[in-house]
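Written below as structure tokens is the structure these notes are about.
Atoms within a ligand are numbered from 1 in the order they appear, just like the ligands themselves. Note that the structure is predicted; figures quoted are calculated from it, not measured.
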Amino acid sequence: MSDLINREHQVLFQTYKRLPIEIDHASGAKIWDRNGNEYLDFLAGIAVNALGHSHPKIIEAAQKQISQYMHVSNYFYQEPQILLAEKLTQLTGYTRVFFTNSGTEATDGAIKLVRKYSFGRGKKTIVAFSGGFHGRTYGALSIMDKPKYKENMGPFLPDTLVLKFNDIKELERNINDETAAVFLEFIQGEGGIVSPTQQFVDKLEELRNKYNFLLVADEIQCGAGRTGKFFGFEHFGVSPDIVTMAKGIGGGLPLGAILAKDFLADVWDRGNHGTTYGGNAVACATGLVVVEELFNGVMDNALNIGEYLKNKLFQLQEHFPNMIVEVRGHGLMLGLLLSFDAQLLVDELLKNMVISNAASGNVLRIVPPLTITKDEAELFLTKLHLSLVNLENKINLQ
Ligand SMILES: *Cc1c(COP(=O)(O)O)cnc(C)c1O
């Protein structure tokens, strides 16, 4: 065992299954380890590094803000927060922003916003779906179903309901006048790049008209340009009332956000909600760079390269029909449903110097920086092909 791995095992809670790589530095879509090995990064810090690693404009914005001030607390008016919130509201049509440090904090904040809005309206139940991932704090866990995240850690929030994803009958049976909100990832990330069917979305919209619940889109992974549009839900023709963001929005610094429509602007009074670090000036400064760059060509790149990559993946599926069951996703949030444990492919890709990730057991999750070039996409495809050939010889597919 090498030095860092050994030391990590002595002092940190063993909660993470880490790749056996000791990081030295990273740039663009490349990561170098402490032995000088170069990897192609198709994980991007779990869909965080939208502009890749060490983007010069991110570094410049961070350095400039750090030299001005890093943290003063939300007792003060800070231009970086306001600039980013102005940009987000102008571009999205949402009119109110609350900045957080992370995704789960955005989820829990959104739950509080829903609860406070619903109080006195006879609505209490918060509905979410199987396979969804909303974070690790208690609010988020309460609207998730995977036992591994929750085992022996209850009790969780009451008046929550996790319905079977994409099951229209379940929707009809469980949504009613008491439904306060429905939380939904329009493209499930941890769940394995799975989307609702259009019929499911249409039924949800029909019930929303009838029962007037709030629709909350968890855009923490599929938002911030990841799918070639700023929000993942734009692929489905809906207009959620509340949107949660994190991951990509900070450009690598911890930043999340809750966006809400105007009718929710006055739900929270002063002191009702808060955070010490949320909306940190440096994170907001880099966040502004992310949003500017996204609308300055990066989102188009994600759409174009994503389409190119997806077509090539379909071709690869024809080559390996007994290994690749399905090609999924939008933009640069793609998934390969495999007929075997995706970790085998992740390990094989890593031998070929490509960093990738397994989601939901048998899905290879492909979430590179949104700035990748066609050459980098080609390199990935070559290595993926090679890895599938190698695996085909190793594993026994019936
Ligand atoms: C990662 C993720 C979260 C949680 O974000 P954290 O920053 O890890 O708290 C919530 N929802 C979705 C869809 C995510 O992908």
So is [X] polar-close to ligand 1, meaning N/O to N/O under 3.5 Å?
| X | answer |
| --- | --- |
| Thr104 | yes |
| Glu105 | no |
| Thr107 | no |

(request) Could you see which bit of Ala246 sits under 4.0 Å from ligand 1, with heavy atoms only: side chain, backbone, both or neither? (result) neither
(request) Have a look at ligand 1 and work out which part of His134, if any, has a heavy atom under 4.0 Å from it: side chain, backbone, both or neither. (result) backbone
Determine, for [X] against [Y], whether the closest basic-nitrogen to carboxylate-oxygen distance falls under 4.0 angstrom.
| X | Y | value |
| --- | --- | --- |
| Lys124 | Asp159 | yes |
| Glu38 | Lys30 | yes |
| Glu219 | Arg226 | no |

(message) Checking a contact table here: which protein heavy atom is nearest atom 12 (C) of ligand 1, and how many Å away?
(response) Phe133 O, 3.2 Å
(request) Measure the distance from atom 7 (O) of ligand 1 to every protein heavy atom, then report the residue, atom name and distance (to 0.1 Å) of the closest one. (result)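 Closest protein heavy atom to atom 7 (O) of ligand 1: Gly103 N, 2.8 Å.
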(message) A cation-pi test, strictly: NZ or CZ of Lys123 under 6.0 Å from the centre of the six-membered ring of Phe213 and no more than 45 degrees from its axis. Yes or no?
(response)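 Judged by the rule, Lys123 and Phe213 form no cation-pi pair.
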(request) Would you mind listing which atoms of ligand 1 come within a distance below 4.0 Å of any non-hydrogen atom of Gly135? (result) 4 (C), 10 (C)
(request) Could you tell me which atoms of ligand 1, counted from 1 in the order shown, lie closer than 4.0 angstrom to a heavy atom of Glu185? (result) 13 (C)
(message) I want to confirm something. Looking only at heavy atoms, which of Met144, Lys247, Glu190 is nearest to atom 15 (O) of ligand 1?
(response)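 Heavy atom nearest to atom 15 (O) of ligand 1 belongs to Lys247.
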(request) Using side-chain contact (heavy atoms from CB on, under 4.5 Å) as the criterion, point out the one residue from Leu313, Leu337, Leu388, Leu345 that pairs with Ile324. (result) Leu388
(message) Checking side chain to side chain donor-acceptor pair (under 3.5 Å) between His134 and each of Asp108, Asp218, Thr104, which is the one that passes?
(response)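 So the option named by the test is Asp218.
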(request) Decide side-chain contact (heavy atoms from CB on, under 4.5 Å) for Val243 and Ile258; before the verdict, give the C-alpha distance in whole Å, the side-chain angles of both, and the deciding distance to 0.1 Å. (result) CA-CA 6 Å; Val243 181; Ile258 302 166; over 6 Å; no
